[in-house]
Amino acid sequence: MENYNHLKIEKKWQKEWEKSGIFKSPSKSKKKKFYSLIEFPYPSGEGLHVGHVRSNTAMDIISRKRRMEGFNVLYPIGWDAFGLPTENYAIKTSTPPEIVTKINTDNFRRQLKSLGFSFDWDREINTTDPKYYKWTQWIFLQMYKKGLAYKKKMIINWCPKDKIGLANEEVINGCCERCGTLVEKKEKEQWMLAITKYTERLHKDLDEVDYLPQIKTQQRNWIGKSEGAEIKFKIEKSKVKVGEVEVFTTRPDTIFGATYVVLSPEHELIEEFKNQNSKIKIDNLDEVLDYVAGAKKKDDIERTAEGKEKTGVEIKGIKAINSANGEEIPVWVADYVLVYYGTGAVMAVPAHDERDFEFATKYNLPIKEVIKNTSFPDACFLDEGILVNSSKFDGRNSEEVKKDITKFVGGEWVTKFKLRDWVFSRQRYWGEPIPLVHCEKCGTVPLPEKDLPLKLPKVDKYEPTDTGESPLANISKWVNTKCPKCKGNAKRETDTMPQWAGSSWYYLRYTDPKNNKKFADPKNLKYFTPVDWYNGGMEHTTLHLLYSRFWHKFLYDLKLVPTKEPYKKRTSHGMILAGGGEKMSKSKGNVVNPDTIVWTYGADTLRLYEMFMGPFDQSISWAEENIVGVRRFIERVWKIGNTYDFGNRTSKALESVLHKTVKKVSDDIETMSFNTAISSMMILVNEIEKEKKISKKDFEVFLKILSPFSPHLSEELWSILGNKKSISLEKWPKAVISKMEESEVTIAVQINGKFRAKFRAKKGVKTSEIEELVKGLEEVSKWLKGKKILKVVNIPDILVNFVTE
RNA sequence: GCCGGGAUGGCGGAAUUGGUAGACGCGCACGACUCAAAAUCGUGUGUCGAAAGACAUGGGAGUUCGAUUCUCCCUCCCGGCACCA
């Protein structure tokens, strides 16, 4: 027997698979389809991460199993190649980003191929390929035409280091998600996508998909649905109505306790105070404007940090009228009220809201109890309860009066969401150009479809400009163009799209990656979509998942895709951390290169190790010393396959273990419990080695269930055993229940719940028989001697418990 | 602060309609093979104890014949959100 030479064997089969094309997925097939998807990698300069190997192997195992179960499996791969790291690298080395991308994707491709993943390489896509981004631009234009893409002057999060505007989702603790630099505020015109028009559906349709519960929860929290009342409060000056302010509250039941109203600094009413012709005149305009200016200058961190001490200024000269009891109450402006949520104004109920309580205490505003509680007046009481001091609503319960009170004060019951529109423009080079033209006469004009793709022009410098414009703005030849409508002089939009654009629809392109006439043929979409199983990182559950669901729903409304939701099932994997439990990073020098492992131990070993190391959905530390365990397992299987003199009989006991293993592995793959699947196969191999005998047929059954995990080893042994066709074309084995059963069972004996002995008995043995059998056992009789048995608990074939006095 | 997940030997982890805690793997110890080492194979390996046995699943209470599993309280760790009215 030759030693197991992983280098030779793995290369051989990778070539073989490529030659035979058995992992290609025909777009036309009588078979049922199965679409399994991984998040396509960003081809970074660092090369493949061992984390990629973990998730790709998991979906590869599932894909290979599905193929053997008779499905036409689509398991595609591509590159999410636009983005900042490539651009930054290009700036640093003066290499065009497309060259950097080419080098990186070549490297990634080589690495992925060395791991034996069963991708359909014919369907490879790249978001930076004009043939691909033509359709990203096309979809954007459809959104533009439907009014979902709009330009808005707004205060954006600005990263001074990357010189780029960031979406809210990309700001982490007030810092840039990528480089950690403190984010500044900057006013700029930005392209927005009206994702909020889909909020309700994005929220509701989560009921229909099979996502891990945590993923659904995170999406729901991000969308942030809450129900409450919109209520108008009159604004009076010297007892005369001069206007009104609308507030949003989830607690209309506490309205009788509203002792003041707070406006956010950006509230529209404040603009009106400045207006000389306005009916609303206030006494301390300068003071108010000072405060507002100060608040606007502060960025989000300052507003929230600052020891969380709330500040505000009373707006003097006007009063609000509490719509519930007609009381005159003061109006304040304070930056703890956010302009972009609800109505940008709140009714403050200090007795029953922590923030209002803090503010009222600081500024000596009245605190009025309206929900009965014992802690008043030392602390606010947040729970719902029985109303007091609320005129005719006294004595009733919060829950039941909310809507009644809303009606009573003429308010409206509404649903609000935290989700805000998506800032879609970036002032960078390496992204899809936004295909719009600004014409002096016609305004903003979309490019006609025949002019797509609008290709990125060649530039000399990739640096963004300090004015905040994209480098594209410097290329006058490109910027100056003709208006598609009037043929007059016009300028191109110079902003590009964010990285999320290309990844919002890539799973659709896989169904028909080479189509030049459509983003995908409807027939292919009908056959392959939705994605049956999508696995990815937890870090993408809020952004990528939400964005792509939004794009999908938009396309669904245009009847361009056949399903409401893009992904039927979504799971996520845990991260692989470095030895000390830290993130792997270049700067810490703790990155594990999969190439090294593939060379020294082999791809099958790496695959098996990463699946065996721990629960798939949990983060886990890399531990190189454990790799040897799975390598030993592979070598033992290799030895059995090469040296055993296979007969045609397997012992009953071994047969039972085999079938249990088949069942366990089949079930565990479905629940992504790969670690226990592998452990059960190890147990089987231990048993085979103990008996030193197994039939060829049964050993082949084992090879089949091993093949998704260790495809190279399995193929090689399969062919050594004389099989001509690939093991991947075999049928997935079925566990035979009758063969799993054993005639004898081990029954545990407990005395008062404590384990004392075990014994073998025929299956289905009766309680009375057990008592006789057991009393003969010395370990049992010594505990029962002189004791009265009060009760016998018998769990058939598992356990018997004697309860004594 | 809120939401979600978690805590089990020296280490990674296994076990839930409540039923023999520690499967499987690593490590370690001893033995076989070897001139020797590595590799391999065999045996053992939760803690205390000579043994009988007792104690053990982050801590404390409870339900139960029986709790890693269910209930309540607490501690710590990880992830997400964070003045969202």
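Naming convention: chains lettered A, B, ... in sequence-line order (proteins, then strands); numbering from 1 in each chain. As the structure is a prediction and not an experimental result, all values here were calculated from the model.
Under a 4.0 Å N-O distance rule, the pair A:Glu309/A:Lys362 qualifies as a salt bridge. Ion pairing between A:Arg570 and A:Glu39 holds under the 4.0 Å rule for side-chain N and carboxylate O. Under the 4.0 Å criterion applied to side-chain N and carboxylate O atoms, A:Glu635 and A:Arg631 are assigned as salt-bridge partners. A salt bridge between A:Glu687 and A:Lys690 is present, with a side-chain N of the basic residue lying under 4.0 Å from a carboxylate O of the acidic one.
A:Ile683 comes within 4.0 angstrom of the backbone, heavy atoms only, and of no base. Within 4.0 Å of A:Met538, counting heavy atoms only, lies no atom of the nucleic acid at all. Using a 4.0 Å heavy-atom distance criterion, A:Pro213 is classed as making no nucleic acid contact. Residue contacts for A:Ile620: at a heavy-atom cut-off of 4.0 Å it reaches the sugar-phosphate backbone alone, with no base atom in range.
To the nearest whole angstrom, the two C1' atoms, one in B:rC28 and one in B:rC11, are 11 Å apart. Between B:rG18 and B:rU8, the two P atoms lie 23 Å apart (nearest whole Å). Spacing of C1' atoms, B:rA37 relative to B:rG59, comes out at 49 Å, to the nearest Å. Atom C1' of B:rU17 sits at a distance of 16 Å from the matching atom of B:rU64, rounded to the whole Å. The C1' atoms of B:rC74 and B:rG80 are separated by 24 Å, rounded to the nearest whole Å. Nucleotides B:rA15 and B:rG79 are separated by 25 Å at their P atoms, to the nearest Å.
Between A:His352 atom NE2 and B:rC83 atom P the separation is 23 Å, expressed in whole Å. With rounding to whole Å, A:Ile576 atom CD1 is found 15 Å from B:rG13 atom C1'. Atom CG of A:Leu608 and atom C1' of B:rC24 are 12 Å apart (whole Å). For the pair A:Leu419 CG and B:rC81 P, the interatomic distance rounds to 14 Å; values are reported in whole Å. Rounded to an integer number of Å, the gap from CH2 of A:Trp622 to C1' of B:rC11 is 16 Å. Per the geometry, NZ belonging to A:Lys758 stands 10 Å off P belonging to B:rA21, to the nearest Å. Atom pair A:Ile215:CD1 and B:rG5:P shows a separation of 13 Å (rounding to whole Å applied). The distance between atom CD of A:Glu625 and atom P of B:rG13, rounded to the nearest whole Å, is 13 Å.
Nearest to the side-chain atoms of A:Gln214 among the listed nucleotides B:rC83, B:rG5, B:rA85 stands B:rG5. The listed nucleotides are B:rA85, B:rG13, B:rG25; the one nearest the side chain of A:Pro615 is B:rG13. Closest to the side chain of A:Trp783, out of B:rA54, B:rG25, B:rU20, is B:rA54. Among the nucleotides B:rC3, B:rA85, B:rC24, the one closest to the side chain of A:Asn221 is B:rC3. Here the side chain of A:Leu799 is nearest to one of B:rC81, B:rG19, B:rG12, namely B:rG19. Among the nucleotides B:rA15, B:rG80, B:rA85, the one closest to the side chain of A:Gln218 is B:rG80.
Side chain of A:His352 to main chain of A:Leu382: no donor-acceptor pair is present (N/O by atom type, distance under 3.5 Å, no hydrogens or angles). Panel note: side chain A:Asn322, backbone A:Thr259; no donor-acceptor pair is recorded below 3.5 Å. The backbone N or O of A:Leu206 sits less than 3.5 Å from a side-chain atom of A:Lys216, completing a donor-acceptor pair. Looking only at distances, no side-chain donor or acceptor of A:Thr196 sits under 3.5 Å from a matching main-chain atom of A:Arg420.
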Protein-nucleic acid N or O pairs under 3.5 Å, nucleotides 39-47 of chain B:
residue: B:rU40; atom: OP1; partner: A:Arg632; partner atom: NE; Å: 3.2

Using atom names, set out every protein N or O paired with an N or O of nucleotides 62-70 of chain B below 3.5 Å, distance rounded to 0.1 Å.
residue: B:rC65; atom: O2; partner: A:Asn801; partner atom: ND2; Å: 2.4

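Residue A:Asn675 has no polar side-chain atom (N or O) positioned under 4.0 Å from OP1 or OP2 of B:rG25. OP1 or OP2 of B:rG25 sits under 4.0 Å from a side-chain N or O of A:Asn686. Remark: A:Ser226 is in phosphate contact with B:rA85, judged by side-chain N or O atoms under 4.0 Å from OP1 or OP2.
The nearest pair of heavy atoms linking A:Arg251 to A:Glu384 is NH2-CA, 3.7 Å. Closest approach of A:Arg54 to A:Glu610, counting heavy atoms only: N-OE1, 3.0 Å. Contact detail for A:Val414 and A:Glu230: the closest heavy-atom pair is CG2-CG, 3.7 Å.
Position along RNA chain B of the nearest nucleotide to A:Met347 versus A:Ser679 favours A:Ser679 as the more 5'-ward residue. Nearer the 5' end of RNA chain B, as judged by each residue's closest nucleotide, is the contact made by A:Gln618, out of A:Gln618 and A:Lys664.
Here B:rG66 is in the anti range [glycosidic angle more than 90° from 0].
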* Structure fact -> Under the rule of Watson-Crick or G-U wobble with both distances under 3.5 Å, where | means paired to another strand and [ ] a crossing pair, RNA chain B maps to (((((((..(((......[....)))((((((.......))))))(((....)))..(((((..]....))))))))))))....

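On a pure distance criterion of 3.5 Å, no polar donor-acceptor pair joins the side chain of A:Lys418 and the base of B:rC81.
A tilted orientation is assigned to the rings of A:His6 and A:Tyr4, their planes being inclined by 30° to 60°. The aromatic rings of A:Trp332 and A:Tyr363 sit tilted relative to each other, their planes meeting at an angle between 30° and 60°.
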* Show your working on ring-ring contact (aromatic ring centres under 6.0 Å, His included) between A:Trp783 and A:Phe802 and close with a plain yes or no. => CA-CA 10 Å; A:Trp783 290 101; A:Phe802 294 94; over 10 Å; no

